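Take a look at the structure below.
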Amino acid sequence: MSNTKPSIPKGMRDFTSEVMFRRNYIFETVKSAFECYGYAPIETPAMENVKTLTGKYGDEGDRLIFKVLNSGDYLSKANLDENTDSKSLTKQIVEKALRFDLTVPFARFVVQNRNDITFPFKRYQMQNVWRADRPQKGRYREFYQCDADVIGTESLICEVELVQLYDDVFTKLNIPNVDICINNRKVLSGMVELMGATDLFDQIVITLDKLDKIGIDKVKEEMESNGVKKEALSILDTFLNTKNVGDLFSLLENSLIGKKGLEELKFVIDNVTKLGLQSANLVFDITLARGLNYYTGCILEVKANDVQIGSIGGGGRYDDLTSNFGLKDVSGVGVSFGIDRIYLVMEELALFPDNIDVSTKVMFANFGDDEAAFCLPLLKQLRAAGISSELYPTSTKMKKQMTYANNKGVQFVIMVGEDEMESGILSIKNMESGEQR
RNA sequence: GUGAUUGUAGCUCAGCUGGUUAGAGCACUGGUUUGUGGUACCGGGGGUCGUGGGUUCGAGUCCCAUCAGUCACCCCA
């Protein structure tokens, strides 16, 4: 057999222990916040049926779904003729796909288990998802999402709580200068309605989302080339120049859906303002749109302003996701934490506490079989007391054992040799100070 | 799908306008110290220079192709 160079697929990663200690620190923080707000854990499988996933994320999203080839002689069951192309072939030889996010599988879960669930249902989920994207900074083909969703209620109190939840987590993680951007898809619908371009909604909204990146002129250019009329663009201008939510009411007076969206927006903002946030800022941003097109109401996106990276979290309300699976009129709302990006932000700003990567507190040096046997009961006692400890497995040179302890960040090394066994008094060395007794 | 950029030891890189046995630091390992790490000193192993072709007396260095990584656009966490 030939030696293959060890490698892993594009956009996927190994995590070393050092990295895992830090990742777990983030996971734990998020998890305890979720539980503190009354969310309960669930998990769903890595793969879903392709049909469950397709059509929920837009055309672009569908292309980025990782599909899993059927097992066995799949080609013999396929129908091949001269019209067969990749797309029609894929349909015949693929029936499973890796999950693309946690929200759609969750909607499926809710419908499938509806008889066992008490509504409103609050769950959290922290699992990996896969996207066949081109990797770059803060963007991988396998990454983790931590989602909290509540489904089965239209109450806007949920939105208010989710904003607080974001604030709680980022405050606990000590990430400064966090903006929680908020908008409402209904407000955008109202605006597009006034522009007389309802059929171009998706296009307009995607273009609008780029405003802070490419500037107003380019946005208008792109919209015009997509068929938006000049008059419509001046309406857009009025909206963009209105910073205050209250002032939008007069603009959207004639749009039923727009007014509804504004009322929702106002409720959330007012209540959050009343309760106050610890460290994050709630920012109304009319240009916030979000690509995933299952959102229907309030939408949220979180940015860490001190680091150049995409959003570190996002979410919103979806009114109709479960109807795809045959359960109508169930509204849900949720948020997602992008923990890989949060990791990068914390790394860049050096926000990780330095005492989170210690595993073994006490190590027994190994001087030989008899000495090792003497240590084992002591080890048992330490462990029973909840002190993480280990015995170096072989009696190699002291230098090597000490180096091992040092690199692993062990705090104390206990020497048990002949003298100690006889006297019963052990030598303990503090690895930090070098002191020994 | 589009564009830019990089590929030399396990890791981070140096290698000038092509010139003989390809270097450093870190890591690993042996010793100074037969029971002591993190600091010191001495030694050792490890590379067909991403791959394939071409130019040349001679290619890590120049040209072409190909593969892989990284970054940006699209889109997104």
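If you're wondering where the values come from, they're calculated on a predicted model, not measured in any experiment. Lettering of chains follows the sequences in order, A, B, ..., and the numbering in each one begins at 1.
- Distance from the side chain of A:R131 is smallest for B:rC76 among the nucleotides B:rG35, B:rC76, B:rG31.
- For the side-chain contact (heavy atoms from CB on, under 4.5 Å) criterion with A:V413, the lone passing option out of A:M398, A:M402, A:Q401 is A:M402.
- For the C1' atom pair drawn from B:rG45 and B:rA77, the interatomic distance equals 45 Å after rounding to whole Å.
- A donor-acceptor contact under 3.5 Å is formed by the side chain of A:E420 with the base of B:rG35.
- Distances were taken from every side-chain heavy atom of A:K399 (C-beta onward) to each of B:rG35, B:rU32, B:rA77; the shortest belongs to B:rU32.
- The side chain of A:F367 sits closest to B:rG35 out of B:rG35, B:rA77, B:rU29.
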Under-3.5 Å N/O pairs linking protein and nucleotides 10-13 of chain B:
none

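- Both tests pass for A:R23 against the ring of A:Y144: distance under 6.0 Å to the centre and angle within 45° of the axis.
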Pairs under 3.5 Å (Watson-Crick or G-U), crossing ones as [ ], inter-strand ones as |: RNA chain B comes out as (((((((..((((.....[...)))).(((((.......))))).....(((((..]....))))))))))))....

Audit row: A:E390, A:K408, salt bridge (charged side-chain N to carboxylate O under 4.0 Å, His left out) steps and yes/no: CA-CA 12 Å; A:E390 63 182 298; A:K408 204 168 169 179; 2.9 Å; yes

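- In this structure, the CG atom of A:N430 is 18 Å from the P atom of B:rU36, given to the nearest Å.
- With hydrogens and angles ignored, the 3.5 Å screen pairs no side-chain donor or acceptor of A:N128 with any backbone N or O of A:E142.
- Across B:rC75, B:rG35, B:rG37, the shortest atom-to-atom separation from the side chain of A:K210 is found for B:rC75.
- Atom pair A:D340:CG and B:rA77:P shows a separation of 13 Å (rounding to whole Å applied).
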Please write out the pairs of protein N or O atoms and N or O atoms of nucleotides 66-72 of chain B separated by less than 3.5 Å, giving the distance to one decimal.
from, atom 1, to, atom 2, distance (Å)
B:rG69, OP2, A:K10, NZ, 3.0
B:rC71, OP1, A:K137, N, 3.3
B:rC71, OP2, A:K137, N, 3.3
B:rA72, OP2, A:Q136, OE1, 3.0
B:rA72, OP2, A:K137, N, 3.3

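- Nucleotides B:rU61 and B:rC16 are separated by 10 Å at their C1' atoms, to the nearest Å.
- When the C1' atom of B:rA77 is taken as reference, atom CH2 of A:W130 falls 15 Å away, rounded to whole Å.
- The residue among A:M415 and A:Y140 whose nearest nucleotide of RNA chain B is located toward the 5' end is A:M415.
- Atom name C1', nucleotides B:rG60 and B:rU17: the rounded distance is 16 Å, in whole Å.
- The nearest whole Å value for the distance from the CD1 atom in A:I180 to the P atom in B:rA77 is 16 Å.
- One can place NZ of A:K397 at 14 Å from C1' of B:rG37, the figure rounded to the nearest angstrom.
- Taking atom CD of residue A:E60 and atom P of nucleotide B:rU2, one finds them 14 Å apart after rounding to whole Å.
- Comparing B:rC28, B:rG35, B:rG37 by their nearest atom to the side chain of A:M398 picks out B:rG35.
- Spacing of P atoms, B:rG25 relative to B:rG43, comes out at 11 Å, to the nearest Å.
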Test side chain to side chain donor-acceptor pair (under 3.5 Å) on A:Y318 and A:D149; report intermediate values, then the result. CA-CA 10 Å; A:Y318 40 90; A:D149 287 75; 2.5 Å; yes

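- Both geometric conditions, a ring-centre gap below 5.5 Å and a plane tilt below 30°, are fulfilled for A:F143 over the base of B:rA77.
- A distance of about 10 Å separates the C1' atoms of B:rG46 and B:rC28, rounded to the whole Å.
- A:S311 comes within contact range of the sugar-phosphate backbone alone, with a heavy-atom separation under 4.0 Å but no base atom that close.
- In terms of modelled atom types and a separation under 3.5 Å, the side chain of A:S336 and the main chain of A:G315 share no donor-acceptor contact.
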Is there a side-chain contact (heavy atoms from CB on, under 4.5 Å) between A:D62 and A:I65? Walk through the geometry before answering. CA-CA 6 Å; A:D62 280 358; A:I65 294 172; 3.9 Å; yes

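- Under a 4.0 Å N-O distance rule, the pair A:E154/A:R317 does not qualify as a salt bridge.
- Comparing the C1' positions of B:rA4 and B:rC13 gives an interatomic distance of 22 Å, to the nearest angstrom.
- Across the C1' atoms, B:rG19 and B:rG3 are found 38 Å apart, a figure rounded to whole Å.
- Proximity of a side-chain donor or acceptor of A:D167 to a complementary backbone N or O of A:S279 within less than 3.5 Å is detected.
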In sequence, state the C-alpha distance, the side-chain angles, and the governing distance for A:L208 and A:L188, and then conclude on side-chain contact (heavy atoms from CB on, under 4.5 Å). CA-CA 10 Å; A:L208 189 60; A:L188 290 170; 3.9 Å; yes

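- Defined by atom type and a distance below 3.5 Å, a donor-acceptor pair is present between the side-chain atoms of A:E35 and A:Y124.
- Residue A:E432 is in base contact, counting any heavy-atom pair closer than 4.0 Å across all strands shown.
- When the options A:F106, A:F34, A:Y39 are evaluated for a side-chain contact (heavy atoms from CB on, under 4.5 Å) with A:Q125, the one that passes is A:F106.
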When you look at A:Y57 and A:D101, which way does the side-chain contact (heavy atoms from CB on, under 4.5 Å) test go after all the steps? CA-CA 9 Å; A:Y57 308 106; A:D101 71 355; 2.7 Å; yes

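- Nucleotides B:rU21 and B:rG47, compared at atom C1', are 14 Å apart to the nearest Å.
- Summarising the geometry, the separation between CG on A:D133 and P on B:rC75 is reported as 11 Å, rounded to the nearest angstrom.
- Across the protein-nucleic acid pair, A:K400 atom NZ and B:rG31 atom C1' stand 16 Å apart, rounded to whole Å.
- Using a 4.0 Å heavy-atom distance criterion, A:G313 is classed as a sugar-phosphate-only contact.
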Please lay out, stage by stage, how A:Q112 and A:T44 fare under the test side-chain contact (heavy atoms from CB on, under 4.5 Å). CA-CA 12 Å; A:Q112 198 173 327; A:T44 61; over 6 Å; no

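- Below the 3.5 angstrom threshold, one finds no donor paired with an acceptor across the side chain of A:N406 and the base of B:rG38.
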